[in-house]
Amino acid sequence: MTFHERYLAGCAVLAVAALVTVSPTHAQAPTQPQDAALNAEAAQNDWPTYHGTYKSYHYSGLDQINTGNVKNLEVAWMHFPERATRGIQSTPLALDGVLYYSGSYSRVYALDGATGKTIWAFAPELDEELVAKQTHSPYNRGIAIGHGNLYVGTVDGRLIALNLKDGKPVWDTKLLDSKRMTVGFTGAPLVVKDKVIIGAQGGEWPHRGPIFGVDGKTGQKKWEFFTVAGTEEAMKTWGGDSWRTGGGGGWMPGTYDPESNTVWWGTANPAPLYDWAGADWKKSGPRPGDNLYTTSVIALDPDSGKLKFHHQELPHDAWDFDSSVGEFVMIERGGKKLVVHANKGGHIFVYDRSNAKIENVWPLVKNINFVKSIDPKTGELIGRRDLSEGKVDPPLCPAIMGGISWNSGAYSPKNGLFYRIGQEWCMELTVEKTTPILEPMAQLNLGATFKPVAPPDGPARGHLSARDPVTGAKKWEVNYKYPPLASVLATAGNLVFVPDAEGIVHAYNADTGEELWSRNNGIGHNAGIISYMAGGKQYIAVPAGWGTLVGDEFVGLFGEPFKSMPKNTGALVVFTLRQ
């Protein structure tokens, strides 16, 4: 039985992610594929889920392409999606030699992984008038596979299952009233056992940011968890009726810990983004209190959607440094089972996986002034800088785009290093009082105007660093004139790939940071990069295409090449070794 057949028979999404200790060219199907997949560290011949495997390493166990031959990489094939408005922002998936990826307007493509030949394409019918009114639209950031289906969330609030073989719809479930809420789904779903889990976008809109559990075979909604006041405990942390318009959501996929049957998910910021209460935020302002469970990591039971435990990374987030960004890297250290998670504010949080107790917190970026520090033992914010109405002086660091952006870092189990992009920039900010607008459609509720600026220690810039994921100890660092926004890929070939903002894909020696290869794709990257095997050859697939809201700020900060860079085009570029 092939992997593909196992999917059609209903085996879960990660059946092919195992075999980390087996040479890829001699990989054999595991006798207990689901169990093996659940414990896999590396995506091997395939890339079956958004973060590679449930361990979220963004690491490929393939080593056909390695430090000795990466200089021979060349373009194997390219694919150009239709209507690539705001470029391509998704992370592809690969399974049994077929590559799947999503584009703007929730479109999905299935391609022969060796040739790029189109197997099928799917374009959902959308409410175009509604999509045109949305701020975070029409891009899509990822898909999921399981139960013989491919799952895609739509920008008008639906979750759709497509037959993996032919791309025909199996079911189509409306989950969000997007005409009222003005948001939909842009992030990837996550398949966990019999459920498909997906979170709504939009911490900046006045609603309650739900996360859904849906039956993967039937499309029936099984549970809904509100990231704003989703429990009685959380309700008490919202002053007055502010919970009704509190924002939240979970716009990027989390991951699953099979050992404890727990889904880890990062939640978005509260609304309005910027709160004018100043130091009196516990009692006054538009949303008094801690505002649970916004800007938190939450642990859910995938069967029931019930909250198991949580940690709020930034209580009463007044800076839009939400926790939806960031992979959940599952590692073991000193007999402890840990999970490492990046926060948009520029810090890395390390948790005990059994209860979300803080094990360490360390800063990835240098320019941080929204707090003086975060207690590495308790997670308490020390010297927090709360804002009042009017101009903020000095500028807030990092900028709204984050010290860490939404795409993922990578972890190599081969050398134990964690590779993460950090961004050094700040923001001039004027906080303004607002009133939530709910009718006839919810409106964006920022509470400020802003302008990104250079940080105090030099020009706006970015860096990739290789670090110990628990202590943050740095082994090497590479600096970039323009902050990269795409995901990072590590491989068993001892390589780290970084697609940058200018359009260049870099390959580094994973141990030393030495650049071994680069290729200019001619347009910026803001998506996920993966590796997979097809026809006995290893490929590196990277979507190219510029156009995020973060990328829009590059024009004011840097001018060219971003002033002239097109935003409504893109291509999937696939590399392999020259013959």
Going through the checks in order, is the side chain to side chain contact (heavy atoms under 4.5 Å, CB included) test met by I358 and H311?
CA-CA 8 Å; I358 291 286; H311 175 79; 3.8 Å; yes

Could you check whether the rings of [X] and [Y] sit parallel, tilted or perpendicular, using 30° and 60° as the cut-offs?
X: W476; Y: Y508; answer: tilted
X: F558; Y: F562; answer: tilted
X: F370; Y: W319; answer: tilted
X: F328; Y: W264; answer: tilted

Do R208 and F226 meet the cation-pi criteria used here (NZ or CZ under 6.0 Å from the six-membered ring centre, within 45° of the axis)?
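Yes, R208 and F226 form such a contact.
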
Cation-pi check, R384 onto W281 ring (under 6.0 Å, within 45° of axis)
yes

Sequence neighbours excluded - salt bridge (Lys or Arg N to Asp or Glu O under 4.0 Å) pairs with any residue from residues 451-460
D457-R461

Scan the side chains in residues 493-503 for donor-acceptor partners under 3.5 Å anywhere in the protein, sequence neighbours excluded, and list what turns up.
| residue | atom | partner | partner atom | Å |
| --- | --- | --- | --- | --- |
| N494 | ND2 | D511 | OD2 | 2.9 |
| D500 | OD1 | E502 | N | 3.0 |
| D500 | OD1 | G503 | N | 2.9 |
| D500 | OD1 | I504 | N | 2.8 |
| D500 | OD2 | H506 | NE2 | 2.9 |

With a 4.5 Å heavy-atom cut-off, do [X] and [Y] have their side chains touching?
X: K282; Y: H316; result: no
X: M427; Y: M401; result: no
X: W265; Y: I211; result: yes

Would you indicate whether E232, at its atom CD, is surrounded by more than 12 heavy atoms from other residues, nucleotides or ligands within a distance under 6.0 Å?
no

D301 bridged to K195 by N-O distance under 4.0 Å
no

Looking at R333, R420, K475, which one forms a salt bridge (Lys or Arg N to Asp or Glu O under 4.0 Å) with D468?
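In the set R333, R420, K475, the residue that makes a salt bridge (Lys or Arg N to Asp or Glu O under 4.0 Å) with D468 is R333.
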
Could you go step by step and tell me if K236 and E233 meet the salt bridge (charged side-chain N to carboxylate O under 4.0 Å, His left out) rule?
CA-CA 6 Å; K236 296 175 183 175; E233 174 201 16; over 6 Å; no

What verdict does the side-chain hydrogen bond (donor to acceptor under 3.5 Å, both in side chains) test give for S408 and H58, after you've listed the backbone C-alpha separation in whole Å, the side-chain angles of each residue and the deciding distance to 0.1 Å?
CA-CA 8 Å; S408 299; H58 287 258; 3.3 Å; yes

Using the side chain to side chain contact (heavy atoms under 4.5 Å, CB included) rule, take I382 and I374 through it: C-alpha gap first, then chi angles, then the decisive distance, then the call.
CA-CA 6 Å; I382 298 172; I374 297 180; over 6 Å; no

